[in-house]
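Remarks on the structure that follows.
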Number of protein chains: 2
Amino acid sequence: MPKNCNFIEKLREVGLRPTKQRVEMCEVLYNREKTFHFTINDLVKLLSEKMNQKISLATVYNTVHAFEKKGYLKEISIDSHKSYFDTNTSAHHHFFDEDTHELIDCDESDIDKINIRKKITGKKINSVEVLVRVASDNQTQK
Amino acid sequence: MPKNCNFIEKLREVGLRPTKQRVEMCEVLYNREKTFHFTINDLVKLLSEKMNQKISLATVYNTVHAFEKKGYLKEISIDSHKSYFDTNTSAHHHFFDEDTHELIDCDESDIDKINIRKKITGKKINSVEVLVRVASDNQTQK
DNA sequence: TCAACAGTTTAGAATTATTATAATGTAGTT
DNA sequence: AACTACATTATAATAATTCTAAACTGTTGA
Ligand SMILES: [Mn+2]
Ligand SMILES: [Mn+2]
Ligand SMILES: [Zn+2]
Ligand SMILES: [Zn+2]
């Protein structure tokens, strides 16, 4: 994660116009140390803080979906009531903290390879993902 | 799954009034061979077919959530755009057919026990669930 | 048996998240 | 600078879910 990636070039490469809104979104999404997990609301908040002018909600939705289509973002299902997105687009497992509603990525070494015995005829496996729900262990809490 | 379980008694046991709507819902949900996975829409459709009078949408939502709170139903997250519910309330894994949007339960023997190496300090694991997304293997199809 | 009460259902309004629309603005090209 | 295709915007529309308050019903105990 270099400090100042050339997002303009990156956007051009996949055929998206490097408009200021898209470059701004790239900065917010990818100019960080770790994977970023967010809801549209999180993102809107961060963008409004960062930018001088306001950004339209429709643009945030459109751009997130454009990024998703181009493989820059992945949608994650942990809560049927909210859409979460992930800047880590590879197949990977998650911990979900039920206290803070935060997602945490697992890497290869965190969970042993999943062995699936069941076959469904005529169907191929597209992905295998594990969700580990965690919560505070503290008795006094909650 | 007996043919005509005494749902009235079952409802009383957990402190729910055995109103005709709830008994009717029990029949639709639990009077079947296999686990039932459904969306609110699926359920409304089935109930309207089965019942002579119409049932209010609010009642379906209220009753599903009452059942959920009592541990009769479990909400499943596979698609952030829709709520799925499951009559199998135990911890279990799923296959999700991306062609038909159907959920299929796994049993113990289908997936080897998941070994989690990562520990998060101060947090305990509440559940570990695997989602296997499958789709048609047929080249000609889609 | 039946009135009284608490809990339940209901239709419709309200809220929330998301998508569609159509006018205006802008990046890239000449 | 001007042209054009694509993007952004405000706003309207849609869809899922929840709220509200009035009408209704299962239960209880007189
Ligand atoms: Mn989506
Ligand atoms: Mn829910
Ligand atoms: Zn992730
Ligand atoms: Zn299930």
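Everything quoted here is computed from the prediction, not taken from an experiment. A, B, ... follow the sequence lines: proteins, then strands. Residue 1 opens every chain.
Judged purely by distance below 3.5 Å, without hydrogens or angles, the side chains of His94(B) and Asp86(B) pair a donor atom with an acceptor atom. Residues Thr59(A) and Asn62(A) have side chains that never bring a donor and an acceptor to within less than 3.5 angstrom of each other.
Within the 4.5 Å cutoff, the side chain of Glu24(B) has no heavy atoms near those of the Phe7(B) side chain. Using a 4.5 Å cut-off on side-chain heavy atoms (C-beta onward), Leu73(A) and Tyr30(A) make contact.
A cation-pi contact, defined as under 6.0 Å to the ring centre and within 45° of the axis, links Lys10(B) to Tyr72(B).
Rounded to whole Å, atom C1' of dA5(D) lies 14 Å from atom CG of Leu16(A). One atom, CG of Leu43(B), and another, C1' of dT17(D), lie 15 Å apart when rounded to the nearest Å. What separates CG of Asp79(B) from P of dT17(D) is a distance of 11 Å, to the nearest Å.
Note on Ser83(B): a side-chain N or O is less than 4.0 Å away from OP1 or OP2 of dT17(D). Contact check, His81(B) against dA15(D): no side-chain N or O comes under 4.0 Å of OP1 or OP2.
Within 4.0 Å of Leu57(B), counting heavy atoms only, lies at least one base atom of the nucleic acid.
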Once each nucleotide of nucleotides 19-30 of chain D is scored for protein heavy atoms under 4.0 Å, what B/S/- sequence comes out, 5' to 3'?
B-----BBS---

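Once you apply a 4.0 Å limit to the heavy atoms of chain A, the touched nucleotides of DNA chain C run 5' to 3' over dA17(C) to dG28(C).
Scored by the side-chain hydrogen bond (donor to acceptor under 3.5 Å, both in side chains) test, Asp110(B) finds no partners at all (sequence neighbours excluded).
A salt bridge does not link Lys34(B) to Asp105(B): none of the charged nitrogens lies less than 4.0 Å from a carboxylate oxygen.
One hydrophobic cluster, built from ILVMFWY side chains closer than 4.5 Å, holds both Ile114(B) and Ile125(A).
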